[in-house]
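Shown next, in structure tokens, is the structure this report addresses.
None of the values given here were measured: they were computed from a predicted structure.
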Amino acid sequence: MLDNLYESLLIAIVLIAIVGMALFRSIPIIILSKLPCLIPLALTAGIMGFLDIHFKPSTILVFSITFGIASDGTVYFLTRYRQELYEKGHSVSQAVTNTIFGTGLSMVYTAIILFCGFSIFAASSFGGTAAMGVMVSITLLVAMLTNLILLPSLLLTIAKGKNKPS
């Protein structure tokens, strides 16, 4: 089962990277976009280990579901960032700020709605479903935070690195 988890995550990463290449045509942006999506998964795996939640078909689903939703938020953020940067001609810091205000609010609303929707599963009498609901809810909130805090920070850091004199 663990091998299938690795395989499905690898396939998802590759497929989303291919879509990202078609959209952004930038390998650094594609690599950068994976970090905010993978950190919540690593945190979830840590929480599962700490709370002694074993890998079962229901808890393995957490990784696939949350990776897809986190990647979706990252693509929205980067698409708006690219639009602000290239089409509107803003500086990197202004593009990041406008992206946070333009896309961030909808990402917060989406995360809250998904959090509430998946936390309903926590009321299940079936342990696997309850664990899945709690883990997906927590992971989606962490994914929202990484997309709204880490991703803009990385974009600003990369832009500063490009502007430094050699």
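- Of all non-hydrogen atoms in V108 and M144, the two that sit nearest each other are CA-SD, 3.6 Å.
- The hydrophobic clustering, which links ILVMFWY residues whose side-chain heavy atoms are closer than 4.5 Å, places L150 and F101 apart.
- Taking both residues in full, the closest heavy atoms of G104 and L148 are given as CA-CD2, 3.6 Å, listed atom of the first, atom of the second, then distance.
- Under a hydrophobic clustering in which Ile, Leu, Val, Met, Phe, Trp and Tyr are joined whenever their side-chain heavy atoms come within less than 4.5 Å, directly or via other members, F50 and I47 fall into the same cluster.
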>> One pair to check against side chain to side chain contact (heavy atoms under 4.5 Å, CB included): L38 and L41. What are the steps and the verdict?
In response: CA-CA 5 Å; L38 293 173; L41 299 183; 4.1 Å; yes
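- For T99, there are no side-chain hydrogen bond (donor to acceptor under 3.5 Å, both in side chains) partners, not counting sequence neighbours.
- I149 is connected to I100 through a chain of hydrophobic side-chain contacts under 4.5 Å among Ile, Leu, Val, Met, Phe, Trp and Tyr, so both are in one cluster.
- Distance check, rounded to the nearest 0.5 Å: CE of M132 to CZ of F118 gives 6.0 Å.
- Within the 4.5 Å cutoff, the side chain of S33 has no heavy atoms near those of the V75 side chain.
- A heavy-atom distance below 4.5 Å is not found between the side chains of F115 and L140.
- The closest side-chain heavy-atom distance from L78 to L151 is below 4.5 Å.
- Counting all heavy atoms, side chain and backbone alike, A122 lies closest to A130 at O-CB, 3.7 Å.
- Each of I27 and I18 belongs to its own hydrophobic cluster when Ile, Leu, Val, Met, Phe, Trp and Tyr are linked at side-chain heavy-atom distances under 4.5 angstrom.
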>> For Y76 and T110: C-alpha separation, side-chain torsions, deciding distance, then whether side chain to side chain contact (heavy atoms under 4.5 Å, CB included) applies.
In response: CA-CA 12 Å; Y76 284 140; T110 302; over 6 Å; no
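- Summarising the geometry, atom CZ belonging to F77 is positioned 11.0 Å from atom OG1 belonging to T146; distances are rounded to the nearest 0.5 Å.
- Using a 4.5 Å heavy-atom cutoff, the side chains of F121 and V136 are not in contact.
- Taking CD1 from I39 and CG from L145, the interatomic distance works out to 11.5 Å, rounded to the nearest 0.5 Å.
- In this structure, Y86 is a member of the same hydrophobic cluster as L32, with clusters built from ILVMFWY side-chain heavy atoms closer than 4.5 Å.
- Nearest heavy-atom pair across P40 and A143 is CG-CA, 3.5 Å.
- Counting heavy atoms from C-beta on, the side chains of T66 and I69 never come closer than 4.5 Å.
- N147 places no side-chain N or O within donor-acceptor distance of the main-chain N or O of P36, the cut-off being under 3.5 Å.
- Residues passing the salt bridge (charged side-chain N to carboxylate O under 4.0 Å, His left out) test with R80, sequence neighbours excluded: E84.
- At a threshold of 4.5 Å between non-hydrogen side-chain atoms, the residues T79 and T103 do not count as touching.
- Rounded to the nearest 0.5 Å, atoms OG1 (T74) and CZ (F67) are 8.5 Å apart.
- Heavy-atom neighbours of L105 CG from other residues, nucleotides or ligands within 6.0 Å: above the threshold of 12.
- The two residues L156 and S93 have their closest heavy-atom pair at CD2-CA, 3.7 Å.
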